[in-house]
Amino acid sequence: MKLSARIAAPVAALVLAGLTATACAPQTSDTSAKGDDKSGTLRVWLFQEVGNKPKEKVVDAAVADFEKAHKGAKVEVEYIPVDTRAQRIKAAFNDPESAPDLIEYGNSDTAGYVKDGGLADVTEEFGAWDEAKDTDPIAKQSVTVDGKVYGAPFFVGVRALYYRTDVFKDLGIDPPKSQAELISTAKKIRKAKPDLYGLAVGGAYTYGAMPFIWANGGELAGGTDGKFTSGINSEKSRKGIEAYTSLFGDDNCPAAKCASMGGNATVTAFASGKAAMAIGGDFSHAAVEAGAVKGKYAVVPLPGVAENSIAPAFAGGNNLGVLKSSSHRTLAVDLMKSLSGKKTQAQMFDAMGFLPTYTDVLDNAAKKEPFVAPFVQTLGAGAKFVPASPAWGQIDASLILPTMFQEIVSGRKDVAKASDDAAKKMDAAFTEAG
């Protein structure tokens, strides 16, 4: 995507990173389609969002246009919970007869899904698609493995800090400018207003925790030539883990309630007025606008360790992919184009705040809505990603990092022991993936 100068560089770094990482399924013996029916019912799995109705409205409109243009074709859309997506997609790869034709998936999982034989190679169709020429080259890489294309980018996104302007005004405080100030501010708010979480955090919110690790110089993993080893137990990573887990407790977000929360739950807590701050994405905008805090919040980049710095955010996005087992390949590819095309992406931005993956559509979005600014600024500061390995799906599905955080906040293990154990599990996954 040839973006405006303030957007181009960071978005050009979106390589194999997903907003919602899903699990890799084991390799199947034969997931090839047994035909290419030009009529019949197509089954689609999309992710259930916090505040899903606006997404459904956009999808329904795209589906209606598709069915009008494809006589004899019918589309059934199912919205699957993000928390159980790994098991659902794994089962779909292993049982082609009951699998959908088209899925939404976190774009960090492309390599794993291709390795498992689940996604169809749509290189030829993508190359012939007129709109595809305006796709960001790096966004295209998120659907590309070994030079072949296995889907279409659906949106990109990053997270930033949502905060209650009314609460901050009432307490006479400003948005935090450093990680230490973020933590102290959260605890100050909790003390002054014990009915609120200062900063809503979740033990199962992996992508909310990552900026704390990266801001302290830590890494999830490192490697060369596709071979990775965990870095989660390095001293710098441990500093980030300590910073994040220090936010669990009666002085901010009680572990009994917050240890099990994921990203959606933290956004819901903020949107419903139960938290003064939350780490949410541009894709969380619609849910917050529909909540009790509408008109009483603002967004700034999540601060890093140094004052006035920005913590590296997890930069990702979701893709749409046709399953290799689909018996409606041509129709499924056409539906993929309809759902990920410029018209739908522009409408999805208006409805959900999902950042488009096309040059012109994203530029228009950035000019149209001021709420995009802190997220673009976050991208510009430099985003980071999960390891570009098929193993990441297994690491995510096995809840290795959430387990680590929960062990620490519950007091079952200290940071050193929990991170060492997590590193061993991650290394086993990397070794198994090859």
Side-chain angles (χ1 to χ4, degrees), residues 5-14 17 157-165 167-168 171-190 197-202 205-222 231-249 251-253 263 266 270 275-282 297-316 372-386 401 405 408 415-416 419:
R6 68 185 189 281
I7 301 175
V11 175
L14 295 175
V158 292
R159 292 167 174 83
L161 182 68
Y162 286 73
Y163 72 97
R164 288 275 298 274
T165 52
V167 172
F168 276 60
L171 296 180
I173 56 179
D174 297 319
K177 294 180 173 60
S178 69
Q179 191 173 93
E181 191 177 341
L182 171 69
I183 294 171
S184 64
T185 298
K187 295 181 178 181
K188 180 176 182 178
I189 294 170
R190 175 71 171 179
Y197 301 141
L199 170 64
V201 289
Y205 192 7
T206 303
Y207 297 107
M210 285 177 179
F212 289 79
I213 295 172
W214 289 325
N216 282 276
E219 295 291 348
L220 300 177
I232 200 66
N233 60 341
S234 71
E235 287 305 312
K236 290 181 179 180
S237 292
R238 285 173 175 170
K239 286 183 180 179
I241 294 169
E242 288 172 357
Y244 186 68
T245 55
S246 73
L247 289 159
F248 292 81
D251 59 354
N252 176 56
C253 201
T266 63
F270 181 81
M277 295 184 287
I279 301 168
D282 52 272
Y297 76 93
V299 185
V300 294
L302 185 69
V305 173
E307 188 170 352
N308 295 317
S309 67
I310 298 175
F314 169 68
V372 173
F375 302 103
V376 171
Q377 188 179 357
T378 298
L379 282 170
K384 295 178 73 69
F385 322 103
V386 299
L401 296 182
F405 296 130
I408 295 167
V415 172
S419 61

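All of these numbers come straight from a predicted model, not from anything done at the bench.
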Under 3.5 Å, is there a donor-acceptor pair between the side chain of [X] and the main chain of [Y]?
X	Y	value
Ser237	Gly231	yes
Tyr205	Ala200	no
Thr378	Pro374	yes

Would you compute the distance between atom [atom1] of [X] and atom [atom2] of [Y] and round it to the nearest 0.5 angstrom?
X	Y	atom1	atom2	answer
Met277	Tyr163	CE	OH	11.0 Å
Asp282	Arg159	CG	CZ	9.0 Å
Lys187	Ser246	NZ	OG	4.5 Å
Tyr197	Asn252	OH	CG	10.0 Å
Lys239	Ile213	NZ	CD1	14.0 Å
Leu302	Tyr162	CG	OH	12.5 Å

Are side-chain heavy atoms of [X] and [Y] found at a separation under 4.5 Å?
X	Y	result
Arg238	Ser419	yes
Val201	Thr245	no
Pro301	Leu161	no
Phe168	Thr185	yes
Leu182	Leu199	yes

Does the pair Ile279 and Thr266 meet the rule for a side chain to side chain contact (heavy atoms under 4.5 Å, CB included), with working shown? CA-CA 8 Å; Ile279 301 168; Thr266 63; over 6 Å; no
Could you pull out the closest heavy-atom pair between [X] and [Y], with the gap in Å?
X	Y	value
Ala160	Phe375	CB-CE2, 3.6 Å
Pro175	Val300	CB-CG2, 4.3 Å
Pro176	Pro303	O-CG, 3.8 Å
Gly202	Phe248	C-CZ, 3.5 Å

Asp251 bridged to Arg190 by N-O distance under 4.0 Å: no
Could you tell me whether Phe405 and Tyr244 have their ring centroids closer than 6.0 angstrom? yes
Using side-chain contact (heavy atoms from CB on, under 4.5 Å) as the criterion, list what pairs up with Val167, not counting sequence neighbours. Arg164, Leu171, Ile189, Lys193, Leu196, Ala276
Determine, step by step, whether Tyr207 and Val386 satisfy the side chain to side chain contact (heavy atoms under 4.5 Å, CB included) criterion, reporting the C-alpha distance in whole Å, the side-chain angles of both residues, the deciding distance to 0.1 Å, and the verdict. CA-CA 10 Å; Tyr207 297 107; Val386 299; 3.9 Å; yes
Just say parallel, tilted or perpendicular for the rings of Phe270 and Tyr297, cut-offs at 30° and 60°. perpendicular
Pairing donors with acceptors under 3.5 angstrom, does anything connect the side chains of Asn216 and Glu242? no
Just do the salt bridge (Lys or Arg N to Asp or Glu O under 4.0 Å) check on Glu219 and Lys236 with the steps written out, would you? CA-CA 8 Å; Glu219 295 291 348; Lys236 290 181 179 180; over 6 Å; no
